[in-house]
*Asks:* 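Submitted below is the structure of interest, expressed as structure tokens.
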Amino acid sequence: MKRSLAILLIIAFITALPSCKEGRAETYSAFVTAMDTRGEIRVYGASHKAAADDCVALMHELDKQLSVTDKEGLVYQLNNSGETKLTATLEELCTAAISISAATNGAFNPFVYPLVRLWGFTTDSPNVPEKDAIEAACATVAGTSLSFEEESVRILGGGAVDFGGIAKGYAADKMEALLKEKGVDAAIISLGGNIKTIGTKPDGSPWTVGINSPKADLALLGVLRVGECAVVTSGSYIRNFTENGKTYHHIIDPSTGCPAETGLVSVTVVADSALVADSLATAFFVLGMEKARPIAEQFGVDTVFVTQDTIYVSGGLKEKFTPDREVEGVYTVVFD
Ligand code: AMP
Ligand code: MG
């Protein structure tokens, strides 16, 4: 064989190799930047490459519908003209968001956008608003509702929707359905703090999901070894700004109009559904640990609540959570 042909064949072979090997299973990762995050869809089995790529397309399609800033999107249209087309996605998400809001006594509020906008969290220059402006936005948030027609949805009360606290979970669940439909039986989806595992790893070992540390000098709080489930984290360290020495984060308590202050710095929820885990993590952050616990029990979900110095791990995760070695001396770990 001619040397140049041999080199070409070697290059072709290397290009065709899956991105990495884990255990004996070949894996392929598709990456996506959407919903203000960089996500990864990793499938086990090189033949599932197309299914992972389909998830990327799905993510872009959902982002387009649900973004508060994409002028061609449906949520943008709903917020700015008061009405838009009722797609299956919008109907599912609105219904789910309203029901989670009711179950969390309004701590999760899909109409929080006037407050998010007022604090400037969708801009590059967030700032502390005037007290009067916060009160006015709070009243608008509280007075907003949706009215569903057969083919359209209208927003009433002058408010605006924001699915930032639930959309990534919804997207992860939709990706899971898509992957399963295409015959994928082992995959892990990671969408900025939203992890969804699918099936079991081909080598039979549990999925290992790291929980990020709120403290910059510590990478991980620990790892969870889990089967098929969703693991979603909300934290004040994820998006925030500092003004006059005080730090303000992006999870707003709709009853005060200000960033929630309950002593928590992060909440992780482990549930079957990523949508449930995502929306509850946001709600639990607002509610604080004591008010959140009975709701977690009601939903049958597990939790990891993190304060400045303590990691509280719920009973169902006792055998699954291993604190990182570096945590010692920084956090006390309490198992319920
Ligand atoms: P997450 O990171 O899932 O906790 O979501 C935070 C995002 O959800 C914020 O950036 C806002 O867009 C939105 N959000 C903030 N506060 C709330 C709230 N109380 N209920 C619902 N969504 C919220
Ligand atoms: Mg959330």
Side-chain angles (χ1 to χ4, degrees), residues 30 32-41 51-52 54-70 73-79 84-104 107-113 116 122 146 148 153 155 160-182 184 187-198 209 228-234 238 250-251 267-286 299 301:
V32 58
T33 302
M35 296 188 184
D36 287 328
T37 198
R38 178 153 165 82
E40 177 183 356
I41 301 99
D54 286 349
C55 287
V56 172
L58 173 64
M59 183 72 171
H60 285 304
E61 188 197 313
L62 292 176
D63 193 19
K64 186 152 201 68
Q65 283 199 49
L66 303 175
S67 162
V68 286
T69 50
D70 187 331
L74 298 183
V75 163
Y76 185 90
Q77 197 175 35
L78 179 65
N79 286 348
T84 195
K85 190 172 73 176
L86 186 61
T87 58
T89 294
L90 265 194
E91 191 169 9
E92 274 174 23
L93 208 41
C94 291
T95 310
I98 289 167
S99 118
I100 293 283
S101 186
T104 59
F108 182 88
N109 189 324
F111 305 126
V112 78
Y113 191 55
V116 172
T122 49
L146 294 174
F148 296 94
V153 54
I155 192 154
V161 302
D162 176 354
F163 290 130
I166 192 171
K168 288 198 280 281
Y170 176 81
D173 284 344
K174 287 290 154 187
M175 287 182 192
E176 174 185 14
L178 186 157
L179 292 174
K180 285 184 170 171
E181 200 185 291
K182 306 249 171 183
V184 176
I188 183 158
I189 300 162
S190 169
L191 305 175
N194 282 245
I195 309 288
K196 182 81 194 70
T197 61
I198 293 167
V209 179
E228 180 173 285
C229 68
V231 180
V232 180
T233 299
S234 279
I238 293 169
H250 69 310
I251 306 173
V267 178
T268 297
V269 176
V270 182
D272 292 339
S273 146
L275 174 142
V276 169
D278 191 359
S279 48
L280 287 184
T282 307
F284 290 174
F285 193 95
V286 171
F299 274 86
V301 300

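These numbers come from a predicted model, not from an experiment. Throughout, numbering of the chain's residues begins at 1 and tracks the sequence.
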*Asks:* With side-chain contact (heavy atoms from CB on, under 4.5 Å) as the test, pick out the partner of V153 among L74, T84, T87.
*Replies:* T84
*Asks:* Please give me the minimum heavy-atom distance between F148 and C94, naming the atom from each residue.
*Replies:* CZ-CB, 3.7 Å
*Asks:* Considering all heavy atoms of both residues, which atom of G192 and which atom of T37 are nearest to each other, and what is their separation?
*Replies:* CA-OG1, 3.1 Å
*Asks:* Under 3.5 Å, side chain of S101 to main-chain N/O of A97, donor-acceptor pair present?
*Replies:* no
*Asks:* Any side-chain heavy-atom pair from H250 and V116 closer than 4.5 angstrom?
*Replies:* no
*Asks:* Taking ring pair (Phe, Tyr, Trp, His ring centres under 6.0 Å) as the definition, give me every residue that meets it alongside F284, ordered by chain and number, with sequence neighbours left out.
*Replies:* none
*Asks:* In the structure I gave you, are the side-chain heavy atoms of F108 and I166 within less than 4.5 Å of one another anywhere?
*Replies:* yes
*Asks:* So which atom in M59 and which in V32 form the shortest heavy-atom distance, rounded to 0.1 Å?
*Replies:* CG-CG2, 3.8 Å
*Asks:* Find the distance between CG (L179) and CD1 (I189) and round it off to the nearest 0.5 Å.
*Replies:* 5.0 Å
*Asks:* Going by the rule side chain to side chain contact (heavy atoms under 4.5 Å, CB included), which residues pair with D54 if we only count those two or more places apart in sequence or in a different chain?
*Replies:* L178, K182
*Asks:* Give the intermediate values and the outcome of side-chain contact (heavy atoms from CB on, under 4.5 Å) for residues D70 and Y76.
*Replies:* CA-CA 6 Å; D70 187 331; Y76 185 90; 5.6 Å; no
*Asks:* Within the distance-only criterion (no hydrogens, no angle test), does the side chain of N194 pair as donor or acceptor with the backbone N or O of V232 below 3.5 angstrom?
*Replies:* no
*Asks:* Is it the case that the side chain of S273 and the backbone of L275 share a donor-acceptor pair, with hydrogens and angles ignored and the cut-off at 3.5 Å?
*Replies:* yes
*Asks:* For the residue pair V161 and V68, establish whether any side-chain heavy-atom pair is separated by less than 4.5 Å.
*Replies:* no
*Asks:* Looking at T233 and I238, what are the two nearest heavy atoms and their distance?
*Replies:* O-CD1, 4.2 Å
*Asks:* List the atom of A160, the atom of I155, and the distance in Å for their closest heavy-atom pair.
*Replies:* CA-CD1, 3.7 Å
*Asks:* Do K174 and E61 have side chains that approach each other closer than 4.5 Å (heavy atoms only, starting at C-beta)?
*Replies:* no
*Asks:* Look up atom OG in S279 and atom CD1 in I100, then write down how far apart they are to the nearest 0.5 Å.
*Replies:* 3.5 Å
*Asks:* State the OH-CG distance between Y113 and L78, to the nearest 0.5 angstrom.
*Replies:* 12.5 Å
*Asks:* Identify the residue among D162, N79, L146 that makes a side-chain contact (heavy atoms from CB on, under 4.5 Å) with F111.
*Replies:* L146
*Asks:* Within the distance-only criterion (no hydrogens, no angle test), does the side chain of T33 pair as donor or acceptor with the backbone N or O of R38 below 3.5 angstrom?
*Replies:* no
*Asks:* When rounded to the nearest 0.5 angstrom, what distance separates OG1 in T268 from CZ in F285?
*Replies:* 11.0 Å
*Asks:* If you round to the nearest 0.5 Å, how far is CG of L62 from CE of M175?
*Replies:* 7.5 Å
*Asks:* Going through the distances and angles, do E228 and K180 end up as a salt bridge (charged side-chain N to carboxylate O under 4.0 Å, His left out)?
*Replies:* CA-CA 12 Å; E228 180 173 285; K180 285 184 170 171; 2.9 Å; yes
*Asks:* Report the residues that fulfil side chain to side chain contact (heavy atoms under 4.5 Å, CB included) with S190, sequence neighbours left out, ordered by chain and then residue number.
*Replies:* I195
*Asks:* Does D63 use its side chain to pair, donor to acceptor, with the backbone of A34 at less than 3.5 Å?
*Replies:* no
*Asks:* What are the two closest non-hydrogen atoms of A171 and L191, and how far apart are they?
*Replies:* CB-CD1, 4.1 Å
*Asks:* From K168 NZ over to D278 CG, what is the distance, rounded to the nearest 0.5 angstrom?
*Replies:* 7.0 Å
*Asks:* Name the one of V301, V209, V270, I198 that satisfies side-chain contact (heavy atoms from CB on, under 4.5 Å) with C229?
*Replies:* V270
